[in-house]
Amino acid sequence: MAKVYGILGDIHANIDALSVVVDDAASQGVTDWICTGDIVGYNACPSECIRAVRDVLKAPVVCGNHDYYVAYEQNLADFHPAAAQAVLWTREHISADEMDWLRSLPMTKPVMGMTLVHATMDMPDHWGYIFDDLQAASHFVYQKTPLCFHGHTHVPVVYEKTAFGAMHHDPRQFEGGEFRVLPGRQYFINVGSVGQPRDGDPRASYVIFDTASRTVRFCRLPHDVASAQARDRAAGLPERCAARLEVGN
Ligand code: ZN
């Protein structure tokens, strides 16, 4: 049966941005949700975002690095100090039940012939960042399905497997933000970030995949950045978490 998937990730406890995405998706006929992880971290509404993804969207979810570091008392030395501070804050502001749910998230997940991962399929728990075609080529060695969706860099992009490795496509160059998945090809698609975009565009990013038309549409939505910033500041989170939301980095 044909489905219209809303695929979202890197929500990062930004309920203002998430609400706008969910409303938009309803108006675009989304029937099912998929989440590429990092529901928590950086911003002030982790419980609200966990409950929305788990109980309302009922999305299959993979574990992001912030979800992982919140759920397991890992050494935070590798994290930027502001990110680490937000991880510590988040641990104090979610319920035991929500913490258990974060611990239950898998690193990778198959969904209807697609694959989900937060970072890369080569060593998903090493949280490598894919910023170029060479790094994408290493990932493609491990991608077995035609489509794999991910996040982590907070920059929307499509990587396509080629005979010699991989090539990228910038979604801003797609007419109407849309491209068609061709048979026999493999794509590794970064859906961007709902709650903290980093491509210089502060609008929330997510993707709609229509299994009937085989089209992937990249969507960007303005949201109430001032509201999210006010929540972050009232929560006592590092100023950098609030400040970066208005510049999209
Ligand atoms: Zn993230």
Side-chain angles (χ1 to χ4, degrees), residues 7-18 21 33-50 52-54 57 59-72 74 76 78-91 93-94 98 101-102 105-109 116-121 123-131 135 139 148-157 188-207 218 220 223 225 228 232 237-238 240-249:
I7 307 170
L8 80 180
D10 293 285
I11 298 162
H12 285 301
N14 185 341
I15 194 68
D16 299 282
L18 179 59
V21 165
W33 288 95
I34 291 175
C35 179
T36 54
D38 268 3
I39 296 163
V40 303
Y42 290 122
N43 298 297
C45 298
S47 284
E48 292 87 339
C49 291
I50 288 173
V53 170
R54 181 187 64 182
L57 306 184
V61 186
V62 286
C63 190
N65 54 323
H66 288 255
D67 306 322
Y68 185 82
Y69 278 78
V70 166
Y72 299 95
Q74 296 286 320
L76 297 172
D78 290 348
F79 261 35
H80 184 283
Q85 212 174 317
V87 165
L88 297 173
W89 181 93
T90 303
R91 284 181 190 158
H93 289 83
I94 61 173
E98 289 156 0
W101 184 76
L102 288 181
L105 299 178
M107 288 291 160
T108 67
K109 194 172 180 69
L116 303 185
V117 66
H118 183 66
T120 77
M121 287 301 285
M123 300 190 289
D125 58 347
H126 280 53
W127 315 114
Y129 289 90
I130 292 190
F131 280 115
Q135 293 162 337
H139 155 88
C148 179
F149 291 95
H150 73 296
H152 197 39
T153 64
H154 299 201
V155 177
V157 63
F188 185 42
I189 299 171
N190 192 315
V191 301
S193 170
V194 170
Q196 192 201 76
R198 292 182 194 159
D199 59 348
D201 179 349
R203 295 176 300 165
S205 172
Y206 82 110
V207 155
F218 285 82
R220 298 302 288 257
H223 57 90
V225 168
D232 288 354
L237 285 160
R240 176 175 160 80
C241 297
R244 66 192 307 177
L245 294 178
E246 68 190 59
V247 286
N249 77 0

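Note that this is a predicted model, so its numbers are computed, not measured. Read the numbers this way: they start at 1 and go in the same order the structure lists the ligands and their atoms.
Taking 2.8 Å as the threshold, His154 counts as a candidate ligand of the Zn ion (ligand 1), since one of its N, O or S atoms lies below it. The Zn ion (ligand 1) has an N, O or S atom of His12 closer than 2.8 Å.
Distance check: Tyr206 OH to Cys35 SG gives 14.0 Å after rounding to the nearest 0.5 Å.
Nearest N, O or S atom of Asp38 to the Zn ion (ligand 1): atom OD2. Checked against the Zn ion (ligand 1), the N, O or S atom of Asp10 at the shortest distance is OD1.
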Going through the distances and angles, do Val157 and Ile130 end up as a side-chain contact (heavy atoms from CB on, under 4.5 Å)?
CA-CA 10 Å; Val157 63; Ile130 292 190; over 6 Å; no

Please step through side-chain contact (heavy atoms from CB on, under 4.5 Å) for the pair His139 and His150, ending with a clear verdict.
CA-CA 11 Å; His139 155 88; His150 73 296; over 6 Å; no

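Between the side chain of His154 and the main chain of Ser193, no donor-acceptor pair closer than 3.5 Å is present.
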